[in-house]
Amino acid sequence: MTASDARCFLIWIKADGDRLQDTAPMSSHAPRPPRFDAELIARYDVAGPRYTSYPTAPQFHDAFGDADLRAAAKLSNEDPIPRDLSLYVHVPFCFSPCFYCGCTRIITRDRGKTEQYLAHLYREIEFTAPLFDRDRKVVQLHLGGGTPNFLDVPQMRELMNVLGSHFSLSSAGEREFGIELDPRSADPGYVRALADMGFNRLSVGIQDFDPAVQLAVNRIQGIEDTAALLNAAREAGFRSTSVDLIYGLPRQTPESFARTLDTVIALEPDRIAAYSYAHLPQIFKPQRQIDGSDLPDAASKLALLGLTVDKLTAAGYVYIGMDHFARPLDELSRAQRAGTLQRNFQGYSTHAECDILGLGLSSISRIGGTYHQNAKDVLAYYTALDQGRMPVKRGIELNHDDHIRRDLINALMCQGEVDTAAFALRHGIEFDKYFADAIRRLSGFEADGLVAWQGPTLRITAAGRLLTRQVAMQFDAYLAPAREPRFSRAI
Ligand code: SF4
């Protein structure tokens, strides 16, 4: 769609033949489906940020602390139109280690450890909640980990009660309360209990259903258990179900992953995230358990990506961007069409207008023009709270230039385009002058058909959509030589 006032209606034929009609107008914010071009992807793919924030986490610094968080919260309360809140709560415990994992997690079978963690989490909630005006509603909540369902039902109920007694949890139907579950340690009864507590979004990790891959990554997970959770969520009235996959895992082949994709499509989740596995055993210790010779080579990994895009789009999923696919009627797709999609630490999200408050080990917050991250080390997290301090480890206050570039990068990552005339007006800049270097660097992208100018609008083309972050990197003030295209590295 190019004309912003054009009004069309999206008709989606589900795989099972049902015909659904979305009466929401499709705006100019709906980007084109991606076109997979292996040669271009291999040529342009360089390591780079995922832009779940801008500036990205490596720019956060230790000088940002408790007082900065308080100041940011105070300032955000003074906003003429107070923003709603989005809470993220990290539950770090897992029963066993998945070898590919790079998350902040604590492996244990001792459920007793949760008591000490929850006591500190509640203290953090007690310290933090009063910083935010009580009339600021929590319209979005996400529990991630680790494994949130490491908490049993009474513990989960208690956590929700503590949150409810310190924050104004929205009771409106459109609130989004989501949780990540591990099907190996949760059952349909648990899902029904979550529905009673007000959860209405479910996210389930799968990665791959192939037995050889599951063995190689130490994650044996049955299709039936996974299906049971998704079905239970739908029956309990959850409004969106989501699954995670990873391509590039050991012993994965295009043939085996095609079977996994077919199985996942048959499970009919509303959203599918298919992440690229980054093998960094020097950084992530669990990955040292993976035999590097079992990993697919660059060409096979690229084929896995092509396969994923082809199969999911053929099954009717919309490519949202950066590993994420959603059904056309899912809120992510709607938010993209409405221009209200945002990048956050879980990937893509709706409710771009909210301040995000992260609670628990390693969680990241975005309050007004600041980001901060809690301690990743559990002892440091406990010690700060025992001493009556916020467990802030590092953060950053955005400067004027950061705000401008964040707005631009978010538009590219979420909408795949930016009207540079409107953007310049909004920020009081001369776009061509302000971004002269970036525009010069993009000329190569333009020649290769990855971006195109339509009047003042810079648009990422269908061929460029799988390289969106490489386009965004050209506007990142903190990157220098690394963003220039290289010719050696594949996905
Ligand atoms: S992948 Fe998930 S379940 Fe597995 S160790 Fe990491 S956080 Fe835990």
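All ligand and atom numbering here is 1-based and tracks the order in the structure.
A cation-pi arrangement is present between Arg111 and Phe150 under the rule of less than 6.0 angstrom and at most 45 degrees off the ring axis. Taking the centre and axis of the six-membered ring of Tyr348, the NZ or CZ atom of Arg343 falls inside the cone set by 45° and 6.0 Å. Cation-pi geometry between Arg136 and Phe132 is not met: the NZ or CZ atom fails to fall both under 6.0 Å from the ring centre and inside 45° of the normal.
Those atoms of ligand 1 that come under 4.0 Å of a heavy atom in Ser96, given as number and element, are 5 (S). Near Arg219, the atoms of ligand 1 lying under 4.0 angstrom from a non-hydrogen atom of the residue are 3 (S), 4 (Fe).
Side chain to side chain, Asp45 and Gln470 meet the donor-acceptor criterion of an N or O pair below 3.5 Å.
Contacts of Lys376 classified as side chain to side chain contact (heavy atoms under 4.5 Å, CB included), with partners at least two apart in sequence or in another chain: Thr104, Ser362, Gln373.
If you look at Tyr117 and Phe93, their ring centroids are closer than 6.0 Å.
Every heavy atom of Gln207 sits 4.0 Å or more from the atoms of ligand 1.
For atom 6 (Fe) of ligand 1, protein N, O or S atoms closer than 2.8 Å were enumerated as Cys101 SG, with waters left out.
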**Item:** Candidate pair Tyr381 and His90, rule ring-ring contact (aromatic ring centres under 6.0 Å, His included), full reasoning
**Value:** CA-CA 12 Å; Tyr381 177 74; His90 193 76; 9.6 Å; no
